[in-house]
Amino acid sequence: MTENSSTTTRKLRRSRDDQMLGGVCAGFAAMLGIDAAIVRVVLVAATLLGMGAGILIYLACWLIVPQESAQE
């Protein structure tokens, strides 16, 4: 038996259009299919409740995650 499954690969890219600082939150939101404001609120909460861990994760993603190309 063969199984046909169509899977789509979602790539994490920093947003060029919907960015406040580096476009990381907007990139995560686009990948997850949710509003970027939700991701930003979660990041702020993680930063405040996690003693700054959220901002460190954001900065790491800003350095590691590539920015989307102009064609996307």
Side-chain donor-acceptor pairs of residues 47-58 under 3.5 Å, sequence neighbours excluded:
residue	atom	partner	partner atom	Å
Thr47	OG1	Leu43	O	2.8
Thr47	OG1	Ile55	N	3.3
Tyr58	OH	Gly22	N	2.9

remark   = Correct closest heavy-atom pair for Pro66 and Leu12 would be CD-O, 4.3 Å
request  = Heavy atoms only: give me the nearest Ala36-Ala29 pair and the separation to one decimal.
outcome  = CA-CB, 3.5 Å
request  = Might you point out which heavy atoms bring Ser15 and Gln67 nearest each other, and give the distance in Å?
outcome  = O-NE2, 3.9 Å
key: Donor-acceptor contact present, side-chain Arg13 to main-chain Ser69, <3.5 Å   = no
request  = Output the distance between atom SG (Cys25) and atom CH2 (Trp62), rounded to the nearest 0.5 Å.
outcome  = 11.0 Å
inquiry  = For Val65, is there any backbone N or O sitting under 3.5 Å from a side-chain donor or acceptor partner on Arg14?
reply    = yes
request  = With Phe28 as reference, evaluate Ile38, Ile34, Val39 under the side-chain contact (heavy atoms from CB on, under 4.5 Å) test and give the passing residue.
outcome  = Val39
request  = Can you see which heavy atom on Arg40 is nearest to which on Ala26, and at what distance?
outcome  = NH2-CB, 4.1 Å
task = Please indicate whether Met20 has more than 12 foreign heavy atoms, meaning atoms of other residues, nucleotides or ligands, lying under 6.0 Å from its CE.
result = no
key: Same apolar cluster (I L V M F W Y, side chains within < 4.5 Å links), Met31/Leu21   = yes
query = Nearest 0.5 Å, what's the CG-CG distance between Asp18 and Asp35?
reply = 8.0 Å
